[in-house]
Undergrad: 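First the structure, then my questions, so here it is.
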Protein chains: 2
Amino acid sequence: MKDMTIAEYIERLFPQFEPALKTILIENATLRDFQGGDMLMQTGQNMRSTVLVVEGMVKLYREGEDGQEFFMYYLQPGNACALSMICATKQETSQVMAKAIEQTKVLMIPIALMDKLMRDYRTWYYFVIETYRMRFEELLFVIDNIAFKAMDERLAFYLKKQAGDLNTKELHLTHSEIASDLNTSREVISRLLKKMEQAGEIKMYRNYIEYLA
Amino acid sequence: MKDMTIAEYIERLFPQFEPALKTILIENATLRDFQGGDMLMQTGQNMRSTVLVVEGMVKLYREGEDGQEFFMYYLQPGNACALSMICATKQETSQVMAKAIEQTKVLMIPIALMDKLMRDYRTWYYFVIETYRMRFEELLFVIDNIAFKAMDERLAFYLKKQAGDLNTKELHLTHSEIASDLNTSREVISRLLKKMEQAGEIKMYRNYIEYLA
DNA sequence: TAATGAGTGTGACAAAAGTCACCAACATTG
DNA sequence: CAATGTTGGTGACTTTTGTCACACTCATTA
């Protein structure tokens with residue numbers, strides 16, 4: 001999956017796009033590289049492009065006053081940043097933070113192109129609509145969790161989602177990171193994790209957690 | 001504002017739409033009436049139309065397991081239901097509840113029309129995009145509040161928003177209703193309201209609260 | 001007018017979550 | 001190897017929130 005061309009990424013991740021759309025994207029998109037930890041978007045920043053992730057993983061989060069990184073969702077290869085589409089169109093500023101959590105490559109589509117793409121290419125239009133829908137749904141899940149669930153349930157849901165999204169049972173997360181993602185304190189996470197371990201749901205190791213089914 | 005025709009509502013609330021778009025909406029939209037308390041949308045329900053509010057007020061909320069109505073935002077005349085646009089397009093089911101909180105009229109646009117409108121009418125396209133953006137932002141505010149703020153701040157924010165949205169300082173809300181909207185208990189709300197009254201931020205009366213700037 | 005129900009006030013207590021202090025294990029690096 | 005920083009464990013305590021029980025005031029209506 002290393003060092004593919006823009007054309008190869010598009011062919012692989014967006015096979016449903018009609019040929020003319022692929023061509024116009026290939027001609028106008030630029031490929032950009034990020035290292036783990038690099039910021040793609042920051043609150044208040046102006047957006048000049050629509051972002052399509054083609055490699056790696058991007059964490060979308062809401063920043064708290066003391067630097068907490070309240071986790072919303074991940075963007076994976078084939079996903080677009082819904083906010084970059086919305087804000088780009090109206091030249092609004094971003095309301096969230098986006099950070100690469102590993103080596104990541106994205107396609108940047110100039111905002112000037114959005115109107116034309118939406119009007120002329122139905123597969124693009126459907127892709128945008130579907131992107132909105134999925135992200136809206138994710139936000140609703142987030143709201144459900146913080147509004148209705150206690151911390152132990154939220155933690156269980158969080159770990160399950162991490163295991164699913166990152167596609168591994170070995171979750172390389174420190175207790176502090178989890179606490180930041182859920183906006184609570186490390187001690188609370190440590191205690192709840194111990195309970196989960198006693199209940200046989202996870203096994204704890206230094207620097208990572210094994211998620212048991 | 002009573003008993004206007006579809007054409008009059010469109011002219012008044014959506015003056016930015018181009019004439020041809022207005023015509024096609026007038027020909028295809030149907031007007032529907034709701035009484036206060038009527039449901040417009042329920043979780044799991046299939047969506048067959050895009051909804052534009054032209055009169056009254058619609059409350060969007062997430063339903064809790066015990067019937068709580070966790071408040072998200074209001075739709076006012078001129079607003080569209082973002083979810084009815086998204087879900088309509090893909091024939092997905094609704095994830096939220098929408099309830100008229102007073103006499104309300106809405107325009108129903110058949111979903112079959114959405115593709116054409118998006119492609120052919122730029123003012124419609126911008127309207128849809130702007131609708132998404134605003135609702136996305138509202139959800140982010142909701143998340144900020146429950147994720148980062150304690151109940152007293154959330155209550156203060158809630159009252160401020162109600163006063164603003166409903167455009168009145170006389171908030172006709174019972175403590176129970178507020179508790180349901182914020183997913184907490186009545187006693188907590190009563191106690192916090194008392195504190196706010198002592199701090200001179202509100203005045204409490206039976207069945208309503210006066211919001212002091 | 002007695003009865004009823006909705007709305008609200010309040011004290012006592014329980015549970016959940018947050019804070020503080022400190023310790024121990026381990027890894028890295030000078 | 002000593003020093004340092006990160007990670008995690010834990011007890012004690014506080015604060016916030018939720019729960020329970022009950023009382024009081026109104027408004028409505030049988």
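Bear in mind that the values here come from a model prediction, so they are computed numbers and not experimental data. Each chain gets a letter, A, B and so on, in the order the sequences are listed, and its residues count up from 1.
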Undergrad: Does NZ or CZ of A:Arg135 lie under 6.0 Å from the centre of the six-membered ring of B:Phe136, at an angle within 45° of the ring axis?
TA: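 Here A:Arg135 fails the 6.0 Å and 45° test against B:Phe136.
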
Undergrad: Sequence neighbours excluded, which residues qualify as ring pair (Phe, Tyr, Trp, His ring centres under 6.0 Å) partners of B:Tyr208?
TA: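 B:Tyr208 satisfies ring pair (Phe, Tyr, Trp, His ring centres under 6.0 Å) with B:His172, B:Tyr205 only.
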
Undergrad: Using ring pair (Phe, Tyr, Trp, His ring centres under 6.0 Å) as the criterion, list what pairs up with A:Phe14, not counting sequence neighbours.
TA: A:Phe17, A:Phe127

Undergrad: Among B:Glu138, B:Gln162, B:Lys59, which residue satisfies the side-chain hydrogen bond (donor to acceptor under 3.5 Å, both in side chains) criterion with B:Tyr74?
TA: B:Gln162

Undergrad: For residues 191-213 of chain A, which residues have at least one heavy atom under 4.0 Å from DNA chain D?
TA: A:Arg191, A:Lys194, A:Met204, A:Arg206, A:Asn207

Undergrad: Round to the nearest Å and state the distance from B:Ile189 atom CD1 to D:dT19 atom C1'.
TA: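 In whole Å, D:dT19 C1' lies 15 Å from B:Ile189 CD1.
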
Undergrad: If an axis is fit to five pairs at each end of the helix from C:dT1-D:dA30 to C:dG30-D:dC1, what is the angle between the two, to the nearest 10°?
TA: 20°

Undergrad: Is the count of non-hydrogen atoms from other residues, nucleotides or ligands lying under 6.0 Å from B:Lys203 atom NZ greater than 12?
TA: no

Undergrad: Using whole Å, what does the distance between atom P of nucleotide D:dT14 and atom CD of A:Glu187 come to?
TA: 16 Å

Undergrad: Would you list the atom pairs, donor with acceptor, under 3.5 Å between side chains in residues 37-45 of chain B and any protein atom, with sequence neighbours excluded?
TA:
from	atom 1	to	atom 2	distance (Å)
B:Asp38	OD2	B:Gln35	N	2.7
B:Gln45	OE1	B:Gln42	N	3.2

Undergrad: Just by distance, no angles: are the side chains of A:Asp181 and A:Tyr61 close enough, under 3.5 Å, to form a donor-acceptor pair?
TA: no

Undergrad: Quick one about A:Glu201 and A:Tyr211 (side-chain donor to acceptor, distance below 3.5 Å, no hydrogens or angles considered), yes or no?
TA: no

Undergrad: Any side-chain heavy atom of A:Glu69 sitting closer than 4.5 Å to one from A:Met97?
TA: no

Undergrad: Does a nitrogen or oxygen in the side chain of A:His175 sit under 4.0 Å from OP1 or OP2 of D:dT6?
TA: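 The answer is no; no side-chain N or O of A:His175 sits under 4.0 Å from OP1 or OP2.
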
Undergrad: Quick one: label B:Ser185 by what it contacts on the DNA or RNA (base, sugar-phosphate, nothing), any heavy atom closer than 4.0 Å.
TA: base

Undergrad: Any chance the side chains of A:Tyr126 and A:Gln16 put a donor and an acceptor closer than 3.5 Å?
TA: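 There is no such pair (donor and acceptor under 3.5 Å, judged by atom type) between the side chains of A:Tyr126 and A:Gln16.
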
Undergrad: What is the first contacted nucleotide of DNA chain C and what is the last, in 5' to 3' order, if contact means an atom lying under 4.0 angstrom from a heavy atom of chain A?
TA: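 Taking any atom under 4.0 Å from a heavy atom of chain A, the span is C:dA17 to C:dC26.
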
Undergrad: Is there a salt bridge (Lys or Arg N to Asp or Glu O under 4.0 Å) between B:Asp144 and A:Arg62? Walk through the geometry before answering.
TA: CA-CA 8 Å; B:Asp144 265 12; A:Arg62 198 81 164 138; 2.7 Å; yes

Undergrad: Provide, to the nearest angstrom, the distance between the NE2 atom belonging to A:His172 and the C1' atom belonging to D:dT6.
TA: 17 Å

Undergrad: Tell whether B:Arg186 reaches the base of D:dG18 with its side chain through a donor-acceptor pair below 3.5 angstrom.
TA: no

Undergrad: Between A:Lys149 and B:Leu173, which is nearer to the 5' end of DNA chain C once each is assigned its nearest nucleotide?
TA: B:Leu173

